[in-house]
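Okay, so here's the structure we're looking at.
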There are 2 protein chains.
Amino acid sequence: MNGENNFFKSAFSVDNVIFGFDDGDLKVLLIKRGAAPFQGLWALPGDLVYPNEDLDTAAYRVLEELTGLKKVYLEQVHTFGAVDRHPLGRVITIAYFSLVKISDFTLTPSSFAQNVEWHNVDKAMKSELAFDHNTILETCFNALTHRVRIRPVGFELLPPKFTLTELQHLYEALLRAELDKRNFRKKILSMSLLIDLDELQEGVPHRPAKLYQFNKDRYHQLEAHGFSFEVKESKKKEKKKRLAELIAQ
Amino acid sequence: MNGENNFFKSAFSVDNVIFGFDDGDLKVLLIKRGAAPFQGLWALPGDLVYPNEDLDTAAYRVLEELTGLKKVYLEQVHTFGAVDRHPLGRVITIAYFSLVKISDFTLTPSSFAQNVEWHNVDKAMKSELAFDHNTILETCFNALTHRVRIRPVGFELLPPKFTLTELQHLYEALLRAELDKRNFRKKILSMSLLIDLDELQEGVPHRPAKLYQFNKDRYHQLEAHGFSFEVKESKKKEKKKRLAELIAQ
DNA sequence: GAAAATGCTGTTATTCTAACACTAACTTCC
DNA sequence: GGAAGTTAGTGTTAGAATAACAGCATTTTC
């Protein structure tokens, strides 16, 4: 320390990768920047942390300003601090990801942004984002992919009532793997994580599926005691991959 | 943004949880603080990040100043930023953990500390450390425990030549579980991670064990392709635990 | 050469995982 | 109202992985 005040010339921000799931697609909430730097590019929602504000509080604030939601899943992932990552000065940023149910709110663009939109995650990762947000998005997506194998966080992304097929599609989007329907159902049902609501889907042009809710108590139990969702993609696919690797060598 | 300069009054530091393994014991490197605040208490080595220095660079610098080591395992874990965590101002800290081979260097106390010592991790977690370093240590220990199940990082902590029993003791210390000797050997040998050196231990008062080296190429392969060291403790112990939980309810 | 200490090794029962195909229920269209 | 279209739902089996378990081998020390 020694009172070296030139250290106290930096700032820190939080950036929030807000994931949603809709229509079989994993999505991320992006803001089109209305001002320089990077005007016109899409960026992750974020803000400087206030001088007397905790980091998590700042992340929740950003989330709430944008979505109106308070109690959602939020997790710190990584801090990015390359010297030149921000053109206006030394600003490091603490990246969070959160999981929301898209149906829980409607988007209301905040003051500093022209536009807020859900973007397909794959497409967003391939397009150019402001600052180092491509790196941040990728890191957070990897963290989510990893987390979903260890905790049943998938449920944070689904509406309160869902079908087994919807759940499977979510896991397939998160794990980037094709799963076997029967094995998936057997596994997920054997965890007693789901409550059968004895209700059926309505308004679908085919046989309606049963609706399920997830069991919060059991969820917290699994959270505490560890959880392993080691779903492997079908062997067909694995073989293809291995072959591709062999060829690449 | 908008040039609000009162944001630029904060600083950030890195703190490094340096783990070592010796004598069957997981250890952490701590510094006794020679100056206020928290004078006399043990603390994690750390420093403010220089204005034009990347975060990882700062973490490596702290590590090198203390140990002289350059190429060691280092990983960012979490950022701690409670408003009041530092008595002298708003300082958030980015926590890293690193894994070193204790035999690779000798400790040379740096200028700002009276004393540097290896501490047993369990004891250190129970004693009072400076700042929020108890929380940081615990978080990093959990991260290590988790990491070791996914990557073969254990080898970073062992000397170049080691016996299977030493390796098993390391895993037991990290996973806090007692492992079956035969199953452990079968599993670890089947990964072809180890190279049999055709050498024997010397100077032990009993039958000497074979020495092994680990296979770097194979290690990097496993790092890239995923790895699962799902060693479970013996059922006896699990049963005991479950019983204890039942009683506790 | 006996005692003490740790090294080393293989088999079996059980559990978990992966592969796989057909019938059921509902809607729409003719 | 029946045929076609669409998704829901369901069980068995072979193979792989895991967990449990005990006794002889090699070295030092006394």
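Proteins get letters first, then strands, A, B, ... in listed order; numbering begins at 1 in each.
Dashed line: the shortest gap from a side-chain N or O of B:Thr165 to OP1 or OP2 of C:dT6 is not under 4.0 Å. At D:dG9, none of the side-chain N or O atoms of A:Lys181 fall inside 4.0 Å of OP1 or OP2 (strictly under the cut-off). An OP1 or OP2 oxygen of D:dG9 is reached within less than 4.0 angstrom by a side-chain nitrogen or oxygen of A:Arg185.
Residue B:Thr163 is classed as having no contact, given no heavy-atom separation below 4.0 Å to the nucleic acid.
Taking every side-chain heavy atom of A:Pro208 into account, C:dC26 is the closest of C:dT28, C:dC20, C:dC26.
Following rounding to the nearest Å, A:Leu200 (CG) and C:dA25 (C1') show an atom-to-atom distance of 10 Å. Rounding to whole angstrom units, CZ of residue B:Phe162 and C1' of C:dG7 are separated by 16 Å. When the P atom of D:dA8 is taken as reference, atom CZ of A:Phe184 falls 13 Å away, rounded to whole Å. Between the CZ atom of B:Arg182 and the P atom of C:dT9 there is a distance of 12 Å, rounded to whole Å. When rounded to the nearest whole Å, the span between CG of A:Asn183 and P of D:dG15 equals 16 Å. The separation between A:Tyr212 atom OH and D:dG9 atom P is 6 Å, rounded to whole Å. The CD atom of B:Gln168 sits 12 Å away from the P atom of C:dC8 (whole-angstrom rounding). In this structure, the NZ atom of A:Lys186 is 8 Å from the C1' atom of C:dA18, given to the nearest Å.
Results of the side-chain contact (heavy atoms from CB on, under 4.5 Å) test with B:Val28 over B:Leu129, B:Leu137, B:Asn120 single out B:Leu137 as the only residue that passes. Here the options are B:Lys181, B:Gln201, B:Arg185, the test is side chain to side chain donor-acceptor pair (under 3.5 Å), and the partner is B:Thr165; only B:Arg185 passes.
Annotation for B:Ala59 and B:Leu74: closest pair CB-CD2, 3.7 Å, computed over non-hydrogen atoms.
Each of B:Leu164 and A:His206 lies near DNA chain C, and the nucleotide nearest B:Leu164 is the one positioned closer to the 5' end.
A donor-acceptor contact shorter than 3.5 Å is absent between the side chain of B:Glu64 and the backbone of B:Lys70.
At a cut-off of 3.5 angstrom, the base of C:dA4 holds no donor-acceptor pair with the side chain of B:Arg207.
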*Could you go through the salt bridge (Lys or Arg N to Asp or Glu O under 4.0 Å) check for B:Asp180 and B:Lys186 one step at a time?*
CA-CA 10 Å; B:Asp180 179 89; B:Lys186 221 179 305 163; over 6 Å; no
